[in-house]
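Working notes for the structure below.
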Amino acid sequence: MLRAVEPGPEGRADLAMAMFRIAKPLGLRPEELALEVAKAVPAVPEFTEVQADRGFVNFQIEPRLFAERTLASVLTRKERFGQGHPRPERVCVEHTSANPTGPLHIGRSRNTVIGDTLVRVLKMAGWSVTSQFYVDDVGRQAAMLVWIWTTPVEAWPPEVREAAKLPPDGKRPPDVKADHWYGRAYPPTAAYIKEHPDAARSLAELSENMESGKLPKEEYRRIPQEILEAILASLRRMNASFDEFVWESDFLFDGSVERVAEKVRTSPRYHRTEDGAEAVEASDMGLPKESPWVYFARSDGTFLYPARDVAYHLQKFSRFDRVIDILGEDHKLHARGIAALLDAAGEMRRPEVLTYGFINLPEGRMTTRGGRVVNLDDVLDEAHERAVAEVKKRREDLSTEEVERIAESVGAGAVRFHVLRVQPEKPIVFRWEEALSFEGKSAPFVQYAHARAASLLRKAAGSDTGPRLEPSPPSKADIPQAPHPKEIALVRALSQFPSLIEKVAEGRSVHLLALYGHEVAERLNEFYQELRVLNSEPEVRAFRLALVSATRQVLANTLGVIGVDALERM
RNA sequence: GGGCCUGUAGCAUAGCCCGGAUGAUGCACCGGCCUUCUAAGCCGGGGAACUGGGGUUCGAAUCCCCACAGGCCCGCCA
């Protein structure tokens with residue numbers, strides 16, 4: 001694709017056209033063609049200057065008109081600035097879907113940050129979006145939770161009891177969240193079962209009773225449910241939430257898994273091993289040639305996870321036009337297996353799979369069983385604590401409650417922004433100092449710019465404790481003959497928001513939103529440093545107030561899309 | 001061994017899909033700026049032949065091939 005007109009280099013041109021490609025077939029020198037073209041462009045009010053420069057045709061945009069149109073658009077559309085036209089398709093975004101066996105670690109939070117941000121940006125772009133969390137309450141790890149926690153603590157295997165480090169009375173202290181509490185026994189139980197075949201057998205039996213419905217689901221969902229609630233509480237701190245929860249076991253009981261299996265058995269891909277295990281052949285769908293099998297049922301007849309996941313996806317396709325899954329890169333191959341099973345089940349549609357790289361620690365990969373994990377809650381708590389110290393350092397006038405509230409927004413925002421700003425496929429090495437940075441490319445930097453703008457607007461309206469001034473769009477007469485370069489740069493940044501939303505929604509490149517937020521904040525800070533607003537000359541005051549108001553709005557919209565609180569003061 | 005992804009200043013990143021005009025930003029470093037709108041800020045400076053090697057092109061960080069390095073995966077687990 002040939003992009004005829006593109007942004008020119010900073011300071012030289014607002015828009016530029018390269019002549020090289022066009023010049024060649026015409027047998028002309030690009031430099032000459034540029035001169036010709038520049039001469040031929042008719043004078044329009046949008047451009048102040050059209051010039052040839054070494055094979056490029058450079059355009060300068062008329063700043064007053066540009067400012068007038070941009071500010072009018074922002075100030076009339078307000079929180080809807082950037083909103084795309086409604087689109088008829090329904091989209092489902094499944095993300096996070098963490099097994100409710102313990103607390104979320106920071107690595108898994110990347111799934112949430114990417115997924116929740118994508119949901120927000122797709123909504124802004126005009127899609128109707130439903131977010132789903134797939135709750136795994138089937139299989140070994142779910143059974144393990146039931147197995148250990150329905151047994152009185154005194155009856156636990158001693159090594160499990162010791163490794164779980166429960167208090168002497170074995171009761172959960174009120175300040176310990178359910179995910180952290182139940183999660184304690186999980187790794188030692190897993191280790192114990194590995195060592196003890198008899199335990200493994202009784203676990204398998206329990207698992208079977210769960211799947212067959214002998215054990216009522218209310219019974220075995222109790223603990224996963226509690227853990228899930230606790231996980232959701234942590235996610236809420238990061239402004240992430242879900243529209244729907246889909247329980248894996250439901251597909252077992254409504255017969256949909258069985259129906260999938262029946263369909264698949266008629267497929268040419270279908271394969272049954274000598275032992276009676278069932279699989280599908282998928283060497284043509286990216287599975288390794290050495291083991292092209294996607295197993296969906298064990299030889300004892302019980303179903304494997306892929307069978308349930310396919311049933312789940314068929315349900316998604318029955319309700320949605322587009323299905324997006326956010327997965328860790330370790331699930332890439334499984335996603336191909338699901339695609340193969342969907343194919344065998346006669347479903348031609350495929351989920352769009354977005355994968356992201358792991359968050360590792362400087363000393364290596366995070367492992368729950370090795371005890372080398374950083375929990376999301378710990379990161380959020382630490383972020384909160386550091387933010388409290390920062391806020392107190394600069395604001396002595398605020399109440400304790402307000403300091404707490406601001407610190408929570410700043411801390412959680414910093415964490416979310418830190419994870420968001422990196423292109424998803426890149427691995428991240430988690431370092432505390434970087435994750436909890438409150439300056440530079442960070443959420444607090446953007447929040448700070450928003451708070452500055454908000455403060456200016458309140459003061460312009462009369463009082464720092466009152467409502468913000470809401471200027472109407474400036475008329476051309478209000479706009480200075482020659483706006484300051486800092487003003488133009490700011491207008492230019494604001495004008496890019498709608499097309500950015502479009503681009504991010506289209507390409508699912510959510511990290512660009514964080515970068516854009518930083519960009520706008522930086523432009524505002526530069527403007528703020530150089531030019532006065534409140535006590536400026538009367539001929540520019542109205543324009544600057546409108547510019548500040550528009551900037552605040554765009555910052556608020558950007559922060560809204562990335563899921564970070566836009567603060568009035570900090 | 002095979003497959004997918006990544007490799008850009010001391011560190012962390014954007015740009016790569018869709019090739020263009022002196023490679024952008026943050027942290028760190030050096031030097032400035034709080035008696036007027038919040039210094040979580042601003043201004044200035046040093047620091048990169050974009051992992052290496054070939055190729056395509058008027059032009060390559062960007063496209064193609066090879067090599068090297070790192071991440072992830074290759075279960076009748078989920």
Side-chain angles (χ1 to χ4, degrees), chain A residues 1-3 6 8-10 12-13 16 18-21 23-24 29-30 53-56 58 99 101 136 138-142 248 273 275-279 286-291 293 295-300 302 304-306 308-309 328-334 336 355-358 360 365 387 390-391 393-395 410 414 418 421-429 431 433-434 437-449 451-453 455-457 459-460 464 507 509 511-512 514-515 518-519 521-522 524-536 548 569-570:
Chain A
M1 235 311 268
L2 178 120
R3 248 180 322 191
E6 53 204 327
E10 196 75 30
R12 200 181 304 222
M19 290 293 114
F20 306 93
R21 213 181 310 238
K24 193 166 190 194
R29 293 198 17 236
D53 182 6
R54 289 169 295 164
F56 292 88
N58 290 337
N99 291 345
T101 54
D136 183 1
V138 180
R140 191 134 318 163
Q141 90 283 344
E248 189 172 352
T273 67
D275 310 355
E278 298 177 277
L287 263 79
K289 285 167 276 308
E290 316 85 63
S291 59
W293 308 109
Y295 286 93
F296 66 92
R298 298 187 183 90
S299 44
D300 65 7
T302 57
L304 291 158
Y305 146 85
R308 301 186 290 272
D309 206 13
E329 64 176 330
D330 53 334
H331 282 67
K332 272 185 191 175
L333 198 58
H334 305 301
R336 289 193 186 155
T355 58
Y356 61 91
F358 277 38
N360 295 312
R365 190 172 170 171
E390 285 298 314
V391 179
K393 209 158 67 186
R394 17 197 135 223
R395 301 289 301 244
V410 166
H418 177 72
R421 54 185 264 247
V422 181
Q423 186 190 339
E425 39 290 349
K426 279 198 182 180
I428 293 179
V429 176
R431 295 189 184 87
E433 328 79 67
E434 290 174 6
S437 165
F438 294 161
E439 49 186 41
K441 271 190 202 169
S442 69
F445 181 94
V446 186
Q447 291 171 307
Y448 180 67
R452 272 182 152 179
S455 168
L456 274 182
L457 295 164
K459 285 180 177 164
D464 194 28
S509 43
H511 64 290
L512 297 179
L515 271 6
H518 175 262
E519 158 103 14
E522 195 173 35
L524 179 74
N525 285 334
E526 289 166 6
F527 160 87
Y528 184 94
Q529 195 72 27
E530 180 113 1
L531 305 166
R532 302 277 92 188
V533 176
L534 295 181
N535 44 4
S536 55
V548 168
R569 62 193 95 238
M570 62 188 278

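All chains are named by letter (A, B, ...) in the order of the sequence lines, taking the proteins before the strands, and each is independently numbered beginning at 1. Since the structure is predicted, the reported quantities are computational estimates derived from the model, not experimental observations.
- Position along RNA chain B of the nearest nucleotide to A:Glu526 versus A:Asn58 favours A:Asn58 as the more 5'-ward residue.
- Defined by atom type and a distance below 3.5 Å, a donor-acceptor pair is present between the side-chain atoms of A:Thr302 and A:Asp300.
- The pairing partner recorded for B:G10 is B:C27, the criterion being a Watson-Crick or G-U wobble arrangement whose two distances lie under 3.5 angstrom.
- The base of B:U6 has none of its N or O atoms less than 3.5 Å from a complementary donor or acceptor on the side chain of A:Lys426.
- Taking side-chain N and O atoms only, A:Arg431 has no distance below 4.0 Å to OP1 or OP2 of B:C27.
- Residues A:Arg298 and A:Leu304 are in side-chain contact: their nearest non-hydrogen atoms beyond the backbone lie under 4.5 Å apart.
- Checking A:Phe438 against A:Val429, the closest nucleotide of RNA chain B that is more toward the 5' end is the one next to A:Val429.
- In terms of phosphate contacts, A:Gln423 brings a side-chain nitrogen or oxygen within less than 4.0 Å of OP1 or OP2 of B:A14.
- Within 3.5 Å, no donor on the side chain of A:Asn525 pairs with an acceptor on the base of B:A39, nor the reverse.
- Without hydrogens or angle criteria, A:Ser291 side chain to A:Trp293 main chain gives no donor-acceptor distance under 3.5 Å.
- Summarising the base pairing, B:A61 is matched to no nucleotide, lacking a Watson-Crick or G-U wobble pair whose two defining distances lie under 3.5 Å.
- Using C1' as the reference atom, B:U56 and B:A78 are 46 Å apart when rounded to the nearest Å.
- The shortest heavy-atom contact between A:Ala449 and A:Leu524 is O-CD2, 3.3 Å.
- Counting all heavy atoms, side chain and backbone alike, A:Pro444 lies closest to A:Val410 at CG-CG1, 3.7 Å.
- A close approach under 4.0 Å does not occur between any side-chain nitrogen or oxygen of A:His511 and OP1 or OP2 of B:U25.
- When all heavy atoms of A:Gly55 and A:Phe20 are compared, the pair lying nearest together is O-CE1, 3.9 Å.
- Base orientation of B:C34: syn (glycosidic angle within 90° of 0).
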### Task
Using a 4.0 Å heavy-atom cut-off, write out nucleotides 70-78 of chain B from 5' to 3' as B (base contacted by protein), S (sugar-phosphate only) or - (no contact).
-BSSS-BBB
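- The minimum heavy-atom distance linking A:Val446 with A:His518 is given by the pair CG2-N, 3.8 Å.
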